[in-house]
Peer 1: 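Before I ask anything, here is the structure I am working with.
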Amino acid sequence: MCVRVCASSGSDGMETPAPGPPVRSVYVHAPFCASRCSYCDFAVTTSSSGDLQNWLAALETELRLVEQEGFFTPDEELETLYVGGGTPSLLGPDAMAGLLRLFGRDRLSRSDLEWTSEANPESLSVSVARGWAASGVNRISMGVQSFQATVLRFLNRLHGPEQAGLAVGNARAAGIQNLNLDLMFGLPGEVERNWDQDLDSILRLGVPHISLYGLSLEMGTPLAAAIERGRISEPSEDAYGAEFLRASDRLTSEGYRHYEVSNFALPGFESRHNQTYWELDPYLGLGTGAHSYRAGRRRWNLRDWGEYRRACRGGVAPWQEEEELTPADSQLEAIWLGLRTDRGLGMETLNAGARALVDDWVSNGRATVGEEGVRLTAHGWLLLDQLVVELDLALSRRVPLS
């Protein structure tokens with residue numbers, strides 16, 4: 001178990017970080033959504049237009065507190081900035097200019113800075129795309145989920161089948177070519193969904209990055225309640241697996257690299273920000289529910305927008321809780337992060353029992369072994385959590401993994 005330290009809104013926050021690499025990646029959470037999707041358990045609040053000024057003011061307070069504790073210093077130049085949500089595009093064309101003022105141009109001055117913001121098709125207008133591009137956003141990740149009206153209605157999405165293409169056009173017209181689109185798979189059988197049709201539609205748009213997310217049932221969501229009442233059946237595991245494998249085959253045949261369990265990219269368009277998480281590099285999270293990590297310690301913020309805003313208004317750190325990873329935690333996390341990407345794990349880190357297990361995976365088509373180590377196949381990624389636990393148990397001698 002991880003060591004958890006309660007961090008009420010009066011907490012002094014993380015201990016002074018141990019010396020190590022500086023923080024070069026920041027995540028900023030925008031909690032506002034026009035409506036809540038049926039499957040959503042994220043840290044969001046419904047709002048017709050967001051609350052830009054209060055959002056920026058709260059973020060400024062949290063950033064100053066982070067600077068004061070020494071976790072993130074004013075002179076650190078960022079390599080990646082990711083604005084997620086929620087629906088950042090709901091905040092309008094001036095939101096990213098506000099973040100630019102907040103962080104300062106010096107922090108965002110690298111020529112190779114990857115600045116991503118999430119958006120929904122219905123709110124990525126021409127003016128929003130142009131305003132973001134003028135501020136420095138050069139990558140947009142858009143929650144499309146499907147191009148079919150029946151699916152979008154089931155998920156309670158606000159956009160129609162044609163709006164994703166229009167939003168892609170708006171981004172490109174503003175000069176933003178580095179685009180990711182999300183698709184969701186593994187829906188209940190009652191939903192009339194043609195998976196190949198959605199794959200055809202996303203490929204026609206020619207975006208350089210595609211993310212696939214299997215539907216997960218989260219307690220307290222409208223979808224989970226509907227399934228519990230018997231109004232909708234649980235998604236089929238067989239259909240889930242078939243759609244994942246079908247998508248992997250289609251996208252890789254079109255030149256996309258399946259470089260992480262959920263992510264596909266044309267060469268050179270892999271998400272650099274997400275690789276920060278997968279490689280356990282330090283990162284800072286600002287905003288409701290955001291996580292930060294450095295030197296084996298992880299912290300996360302209050303999830304409720306009202307509580308977060310009140311804490312920041314009072315000049316109090318909005319940090320909810322933190323944990324210090326034990327050696328066992330660190331090993332399990334290293335296995336999980338290594339196996340979820342196509343870089344895999346080095347065989348030299350495995351003992352005899354773990355090597356025998358990997359041989360079994362290879363014989364069953366779940367993994368391959370090459371010069372760089374063991375990598376899961378698409379079939380293996382379907383069983384990622386199970387295989388991670390198996391390998392962790394096989395490593396009876398706790399050998400640190402890199």
Peer 1: Side chains of Tyr293 and Thr276, heavy atoms from C-beta outward: is any pair under 4.5 Å?
Peer 2: no
Peer 1: Under 3.5 Å, side-chain donor or acceptor atoms of residues 376-388 against the rest of the protein: list the pairs with distances, not counting sequence neighbours.
Peer 2:
{"residue": "Thr377", "atom": "OG1", "partner": "Gly365", "partner atom": "O", "Å": "2.7"}
{"residue": "Thr377", "atom": "OG1", "partner": "Arg366", "partner atom": "O", "Å": "3.4"}
{"residue": "Thr377", "atom": "OG1", "partner": "His379", "partner atom": "N", "Å": "3.3"}
{"residue": "Thr377", "atom": "OG1", "partner": "Gly380", "partner atom": "N", "Å": "3.1"}
{"residue": "Trp381", "atom": "NE1", "partner": "Leu339", "partner atom": "O", "Å": "2.8"}
{"residue": "Gln386", "atom": "NE2", "partner": "Glu390", "partner atom": "OE2", "Å": "3.0"}

Peer 1: Looking only at atom types and distance, does a side-chain atom of Ser109 sit under 3.5 Å from a main-chain N or O of Asp106, one as donor and one as acceptor?
Peer 2: yes
Peer 1: Going by distance alone, is a donor N or O of one side chain under 3.5 Å from an acceptor N or O of the other, for Tyr256 and His258?
Peer 2: no
Peer 1: Run the side chain to side chain contact (heavy atoms under 4.5 Å, CB included) check on Leu251 and Leu203 step by step: do they pass?
Peer 2: CA-CA 8 Å; Leu251 297 179; Leu203 286 169; 3.7 Å; yes
Peer 1: Would you find a donor on one side and an acceptor on the other, under 3.5 Å apart, between the side chain of Arg157 and the backbone of Gly143?
Peer 2: yes
Peer 1: Step by step, work out the side chain to side chain contact (heavy atoms under 4.5 Å, CB included) result for Gln275 and Tyr259.
Peer 2: CA-CA 10 Å; Gln275 288 175 8; Tyr259 72 102; 4.0 Å; yes
Peer 1: In Å, rounded to the nearest 0.5 Å, how long is the span from CD of Gln145 to CG of Asn156?
Peer 2: 12.5 Å
Peer 1: For His209 versus Ala265, what's the shortest heavy-atom pair and its separation?
Peer 2: CD2-CB, 3.6 Å
Peer 1: More than 12 non-hydrogen atoms from neighbouring residues, nucleotides or ligands closer than 6.0 Å to CZ on Arg107, yes or no?
Peer 2: yes
Peer 1: Taking Asp182 for the side chain and Tyr213 for the main chain, is one N or O donor matched with an acceptor at less than 3.5 Å?
Peer 2: no
Peer 1: Which value, rounded to the nearest 0.5 Å, describes the distance between Leu280 atom CG and Leu325 atom CG?
Peer 2: 8.0 Å
Peer 1: Check whether any side-chain heavy atom of Tyr277 lies under 4.5 Å from a side-chain heavy atom of Ser25, and answer yes or no.
Peer 2: no
Peer 1: What pair of heavy atoms forms the shortest contact from Phe185 to Arg193, and how long is it?
Peer 2: CA-NH1, 3.9 Å
Peer 1: Atom CD in Gln53, atom CG in Leu91: separation rounded to 0.5 Å?
Peer 2: 10.0 Å
Peer 1: Side chains of Gln331 and Ile335, heavy atoms from C-beta outward: is any pair under 4.5 Å?
Peer 2: yes
Peer 1: Does some side-chain heavy atom of Leu266 sit less than 4.5 Å from a side-chain heavy atom of Glu254?
Peer 2: no
Peer 1: Quick check: do Asp200 and Arg250 have side-chain heavy atoms less than 4.5 Å from each other?
Peer 2: yes
Peer 1: Determine, stepwise, if the pair Leu345 / Leu391 fulfils side chain to side chain contact (heavy atoms under 4.5 Å, CB included).
Peer 2: CA-CA 11 Å; Leu345 290 173; Leu391 186 56; 3.7 Å; yes
Peer 1: Does Glu114 use its side chain to pair, donor to acceptor, with the backbone of Arg272 at less than 3.5 Å?
Peer 2: yes
Peer 1: Spell out, as yes or no, whether a donor-acceptor pair under 3.5 Å connects the side chain of Ser211 to the backbone of Asn263.
Peer 2: no
Peer 1: Report the residue from Arg343, Arg340, Arg375 that forms a salt bridge (charged side-chain N to carboxylate O under 4.0 Å, His left out) with Glu260.
Peer 2: Arg340
Peer 1: Answer yes or no: are there more than 12 heavy-atom neighbours, outside Arg355 itself, under 6.0 Å from its atom CZ?
Peer 2: yes
Peer 1: Is the distance between the ring centroids of Tyr27 and Tyr283 under 6.0 Å?
Peer 2: no
Peer 1: Would you tell me whether Tyr308 and Glu62 have side-chain atoms, one donor and one acceptor, within less than 3.5 Å of each other?
Peer 2: yes
Peer 1: Do the side chains of Asp304 and Thr288 get nearer than 4.5 Å, heavy atoms only?
Peer 2: no
Peer 1: Before giving the answer on side chain to side chain contact (heavy atoms under 4.5 Å, CB included), spell out for Glu79 and Asp112 the whole-Å C-alpha distance, their side-chain angles and the decisive distance to 0.1 Å.
Peer 2: CA-CA 7 Å; Glu79 296 177 358; Asp112 63 346; 5.8 Å; no
Peer 1: Do Arg204 and Ser201 have a side chain donor and acceptor closer than 3.5 Å?
Peer 2: yes
Peer 1: What I want to check is whether the side chains of Ser236 and Asp238 have a donor and an acceptor closer together than 3.5 Å.
Peer 2: no
Peer 1: Is it true that, when you exclude Gln197 itself, more than 12 heavy atoms of the residues, nucleotides or ligands shown sit nearer than 6.0 Å to its CD?
Peer 2: yes
Peer 1: One thing to verify: whether Arg246 and Glu243 come together as a salt bridge, which I'm taking to mean a side-chain N less than 4.0 angstrom from a carboxylate O.
Peer 2: no
Peer 1: Measuring from atom CG of Asp94 to atom OG of Ser135, what distance do you get when rounded to the nearest 0.5 angstrom?
Peer 2: 8.0 Å
Peer 1: Would the distance check show the side chain of Asn138 and the main-chain N or O of Trp115 forming a donor-acceptor pair, the cut-off being under 3.5 Å?
Peer 2: yes
Peer 1: List the atom of Leu215, the atom of Pro188, and the distance in Å for their closest heavy-atom pair.
Peer 2: CD2-CD, 3.8 Å
Peer 1: Does Trp305 offer a backbone N or O that forms a donor-acceptor pair with the side chain of Thr45 under 3.5 Å?
Peer 2: no
Peer 1: First locate atom CZ of Arg153, then atom CG of Leu155, and finally report the distance between them rounded to the nearest 0.5 Å.
Peer 2: 11.5 Å
Peer 1: Just checking, any donor-acceptor pair under 3.5 angstrom between side chains of Asp198 and Gln148?
Peer 2: yes
Peer 1: Any donor and acceptor pair, going by atom type alone, linking the side chain of Arg313 with main-chain N or O of Ala58 inside 3.5 Å?
Peer 2: no
Peer 1: What pair of heavy atoms forms the shortest contact from Ser89 to Val128, and how long is it?
Peer 2: O-CG2, 4.2 Å
Peer 1: Do Ser123 and Asn120 have a side chain donor and acceptor closer than 3.5 Å?
Peer 2: no
Peer 1: Of all heavy-atom pairs between Val28 and Val26, which one has the smallest distance, and what is that distance?
Peer 2: CG2-CG1, 4.0 Å
Peer 1: With sequence neighbours left out, write down each residue that passes salt bridge (charged side-chain N to carboxylate O under 4.0 Å, His left out) with Asp281, or none if nothing qualifies.
Peer 2: none
Peer 1: Counting distance only, does the side-chain N/O of His159 pair as donor-acceptor with the main-chain N or O of Val144 below 3.5 Å?
Peer 2: yes
Peer 1: Taking atom CH2 of Trp336 as the centre, does the number of heavy atoms from other residues, nucleotides or ligands within less than 6.0 Å exceed 12?
Peer 2: no
Peer 1: Quick check: closest heavy atoms across Val374 and Met347, and the distance to 0.1 Å?
Peer 2: CB-SD, 4.0 Å
Peer 1: If we only count heavy atoms from C-beta on, is the Leu108 to Leu78 side-chain gap below 4.5 Å?
Peer 2: yes
Peer 1: Are Val66 and Trp319 side-chain neighbours, meaning at least one heavy-atom pair lies under 4.5 Å?
Peer 2: yes
Peer 1: Got more than 12 heavy atoms from elsewhere within 6.0 Å of CD, Glu162?
Peer 2: no
Peer 1: Looking at CG of Asn301 and CD of Glu322, how far apart are the two atoms once the value is rounded to the nearest 0.5 Å?
Peer 2: 11.5 Å
